[in-house]
Amino acid sequence: MFVNGVGVVLCGSAEDYVGMSIAWLTKVEKDHVLISVPKGALGTEKLLEEGRFTLSLLAETQTEIARQFGGSKQKVVVEKDQTFLFSTDWGTPAVGECSGVFLCEVISSS
């Protein structure tokens, strides 16, 4: 199953996080999602280092959030006073008022 739309991957803590927009993810089985993240991006490096992250599937009205975490901004840390973020049970940040939030762990990478 392909999932349409844009997701934001966030890792780190609510105070010290890195995020990036992704536009490609696939549900490969009931509890596993395959995502594609850019090689060499700051968020990718932190995600692989920590092994845990959130995946927030954005609503249609959240295009500005997608832009903020997309493209060349993946190489820099975004502003830390984001009122649209909340802290999950894991302590990782996630985007509020989106279509869905998933707590994820890296199982493998290639």
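Since we're looking at a predicted model, the values are computed, not measured.
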Nearest 0.5 angstrom please: [X] [atom1] to [Y] [atom2], how far?
{"X": "Glu45", "Y": "Cys11", "atom1": "CD", "atom2": "SG", "answer": "10.5 Å"}
{"X": "Arg52", "Y": "Lys46", "atom1": "CZ", "atom2": "NZ", "answer": "13.0 Å"}
{"X": "Leu42", "Y": "Leu47", "atom1": "CG", "atom2": "CG", "answer": "11.0 Å"}

Side chains of [X] and [Y]: closer than 4.5 Å at any heavy-atom pair?
{"X": "Leu34", "Y": "Leu25", "answer": "no"}
{"X": "Gln68", "Y": "Glu64", "answer": "no"}
{"X": "Leu10", "Y": "Leu85", "answer": "yes"}
{"X": "Lys39", "Y": "Thr44", "answer": "no"}

Report whether Phe84 and Val8 are members of the same hydrophobic cluster (ILVMFWY, side-chain heavy atoms less than 4.5 Å apart, transitive linking).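 Yes; Val8 is reachable from Phe84 via cluster members.
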Hydrophobic clustering (ILVMFWY, side-chain heavy atoms < 4.5 Å, transitive) - are Met20 and Val33 grouped together?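 Hydrophobic grouping puts Val33 with Met20.
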List, one per line, each side-chain donor-acceptor pair under 3.5 Å for residues 55-63, sequence neighbours excluded.
unit_1: Ser56; atom_1: OG; unit_2: Val95; atom_2: N; d: 3.0
unit_1: Gln62; atom_1: OE1; unit_2: Ala59; atom_2: N; d: 2.8
unit_1: Gln62; atom_1: NE2; unit_2: Gly96; atom_2: O; d: 3.0
unit_1: Gln62; atom_1: NE2; unit_2: Glu97; atom_2: O; d: 3.4

Check side-chain hydrogen bond (donor to acceptor under 3.5 Å, both in side chains) between Thr88 and all other residues, then give those that pass, not counting sequence neighbours. Thr92
Using atom types as modelled, flag every donor-acceptor pair under 3.5 Å from a side chain in residues 102-110 to any protein atom, sequence neighbours excluded.
none

Mutual orientation of the aromatic rings belonging to Phe69 and Tyr17 [parallel < 30°, tilted 30-60°, perpendicular > 60°]: tilted
